[in-house]
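To find a chain, count down the sequence lines: A is the first, B the second, and so on, and within it residues start at 1.
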2 protein chains.
Amino acid sequence: MPAEAKRRRNRRGEGDLLRRQILEATTVLLAEAGDANAVSMRDIAAAAGVTPPAIYRLFADKEALLRAVIAERFDAFDLHLEQGEAGATTVREQLEGRCRAYLDYAATHPGHYRVLFSATHLGPVEVGASDGGHPGAASFNRLLTAVAACVPAGRGKAQRAFTITVELWSALHGFADLRITKPEFPWPASSVFLADMLERLV
Amino acid sequence: MPAEAKRRRNRRGEGDLLRRQILEATTVLLAEAGDANAVSMRDIAAAAGVTPPAIYRLFADKEALLRAVIAERFDAFDLHLEQGEAGATTVREQLEGRCRAYLDYAATHPGHYRVLFSATHLGPVEVGASDGGHPGAASFNRLLTAVAACVPAGRGKAQRAFTITVELWSALHGFADLRITKPEFPWPASSVFLADMLERLV
DNA sequence: TGTACATCAGTGAACGCGCGTTCACTGATGTAC
DNA sequence: TGTACATCAGTGAACGCGCGTTCACTGATGTAC
């Protein structure tokens with residue numbers, strides 16, 4: 001509790017400033033824990049420099065808070081993949097950049113990656129960005145687009161692009177996830193894995 | 001508790017019979033939950049038709065019990081993969097059978113698969129079978145052997161076989177894991193995924 | 001064959017703890033007059 | 001400029017619950033005589 005500096009109470013009308021502090025505290029704790037169940041409302045309150053009940057004026061309950069944080073992390077993930085394409089001059093480079101960004105995000109934010117892609121406890125999350133449906137769906141569709149751009153036109157192209165995208169996504173997720181859960185394994189460098197994988201798939 | 005039939009107390013000297021019942025109850029609950037943290041000692045005791053303290057005469061604590069069950073599941077997993085090779089006449093068929101068994105185990109025992117390959121909470125588990133090291137290591141090494149048998153001899157063969165095995169394992173795990181966590185996605189059939197993946201990798 | 005006794009499989013009650021959440025409140029801030 | 005008051009950001013204490021685990025015990029089973 002008082003590891004945090006003494007908080008000054010927000011001024012009237014500025015109570016929602018705490019909202020952001022709580023979101024950010026939760027984000028940090030989730031990154032460390034890699035598991036939404038391992039982060040308690042008390043932990044969050046302490047990290048935000050506030051007592052637990054203060055959270056409830058801003059979020060209905062723990063689930064609502066987690067959903068909000070996870071939605072933000074999905075958006076950040078999508079943005080990171082988007083930025084991975086920046087500077088690419090060919091469709092092939094775009095695809096490569098996107099995949100590199102995928103592995104990079106998982107490697108630099110393992111806790112968040114696990115919360116996004118290994119969680120079962122929480123149902124679907126509304127993502128600010130896009131695609132009415134599932135949060136993962138947005139990323140998948142963009143990856144599909146990037147793959148399709150690299151597949152030569154012809155009969156059955158859409159089918160082929162879909163198959164390749166599923167294989168690519170599986171490989172990326174498998175590599176990312178196993179690296180996190182089995183860090184003692186002698187993994188090859190992501191760049192080597194990725195280059196080889198793309199050569200074989202596309 | 002009394003959903004279970006009234007248990008008859010074991011005879012003297014047969015107290016260890018309960019050991020198996022507890023292991024099996026835990027196995028069932030782990031399959032349903034897919035998460036060791038979501039299964040309590042009280043749940044286990046109730047499923048075994050016994051009160052919680054009875055467990056402690058047979059297992060030191062919850063962790064010891066979970067380790068024992070998980071070690072058994074790793075052995076079962078390895079055995080399943082081994083059986084996947086049965087009947088194969090070529091090394092390529094052996095590899096294919098092993099991979100098919102991998103995906104098949106994950107699909108038919110999703111809860112156990114997740115406990116084995118997505119758990120972070122528990123440290124390394126001693127497996128009855130083999131390879132002093134990590135439990136996953138045994139499976140990996142056997143997969144590596146199966147892949148190596150399909151890779152033509154030549155300079156750098158070992159290196160190539162290792163790379164391919166990492167890629168294959170990543171793809172298998174990614175596909176298996178995502179199928180479990182995102183069941184609403186329009187996954188292609190495992191057999192199609194596998195055939196295509198092997199064609200591309202080997 | 002019968003009885004006293006030691007063994008041991010399992011029970012019932014309780015422990016201390018951390019959890020999500022609720023409730024009545026406090027006291028600083030801004031507003032009305 | 002000064003005071004009474006409403007607002008609202010946040011607190012302190014407590015709730016009921018489920019958890020892993022411990023402890024003193026009970027009572028059926030087998031053994032010794």
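Contact of the B/V115 side chain with the B/D35 side chain is not registered, since no non-hydrogen atoms from C-beta on lie closer than 4.5 Å. Annotation: side chain of B/R67 is in contact with side chain of B/E63 (closest heavy-atom distance under 4.5 Å).
As rounded to whole Å, 16 Å separates atom P of D/dG18 from atom CG of A/N37. Residue B/L29 contributes atom CG, which lies 12 Å from atom P of D/dG20 at whole-angstrom precision. Between the CE atom of A/M41 and the P atom of D/dT11 there is a distance of 14 Å, given to the nearest Å. The CD atom of A/E63 sits 9 Å away from the P atom of C/dT21 (whole-angstrom rounding). We find that CD1 of B/I55 is positioned 12 Å from P of C/dG10, with the value rounded to whole Å. Following rounding to the nearest Å, A/D16 (CG) and D/dA9 (P) show an atom-to-atom distance of 7 Å. In this structure, A/R8 places its CZ atom 17 Å from C1' of D/dC8, rounding to the nearest Å. Taking atom CZ of residue A/F59 and atom P of nucleotide D/dG10, one finds them 13 Å apart after rounding to whole Å.
Of all nucleotides listed (D/dC19, D/dG10, C/dT22), C/dT22 comes nearest to the side chain of A/P53. Of the candidate nucleotides C/dG10, D/dT21, D/dT11, C/dG10 has the atom lying nearest to any side-chain atom of B/R57. The side chain of A/R42 approaches C/dT21 more closely than any other nucleotide in the set C/dG10, D/dG10, C/dT21. Here the side chain of A/A54 is nearest to one of C/dT21, D/dT11, C/dG10, namely D/dT11. Closest contact between the side chain of B/N10 and the listed nucleotides C/dG10, D/dG10, D/dT22 involves C/dG10. Which of D/dT21, C/dG10, C/dT21 sits closest to the side chain of A/Y56 comes down to C/dT21.
Heavy-atom neighbours of B/E199 CD from other residues, nucleotides or ligands within 6.0 Å: at or below the threshold of 12. By the 6.0 Å contact criterion, CZ on A/R11 is open, its count of non-hydrogen atoms from other residues, nucleotides or ligands being 12 or less.
No N or O donor and acceptor, one from the side chain of A/R7 and one from the base of D/dG10, sit under 3.5 Å apart.
Figure legend. C/dT1 is base-paired to no nucleotide; pairs are counted as Watson-Crick or G-U wobble with both atom distances under 3.5 Å. Nucleotide D/dC15 forms a pair with C/dG20, judged by Watson-Crick or G-U wobble geometry with both contacts under 3.5 Å. Searching all strands for a Watson-Crick or G-U wobble partner of D/dG10 with both distances below 3.5 Å returns C/dC25.
Contact annotation: A/R9 does not reach the phosphate of C/dA28 (side-chain N/O to OP1 or OP2, under 4.0 Å). Within the structure, a side-chain polar atom (N or O) of B/S40 is placed less than 4.0 Å from OP1 or OP2 of D/dC19.
A tilted orientation is assigned to the rings of B/W187 and B/F185, their planes being inclined by 30° to 60°.
Across all strands, A/R11 comes closer than 4.0 Å only to sugar-phosphate atoms, never to a base (heavy-atom distances).
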- [ ] For salt bridge (Lys or Arg N to Asp or Glu O under 4.0 Å), just list the numbers for A/E32 and A/R114, CA-CA rounded to whole Å, side-chain angles, deciding distance to a tenth of an Å, and then say yes or no.
- [x] CA-CA 11 Å; A/E32 289 164 359; A/R114 294 220 95 215; over 6 Å; no
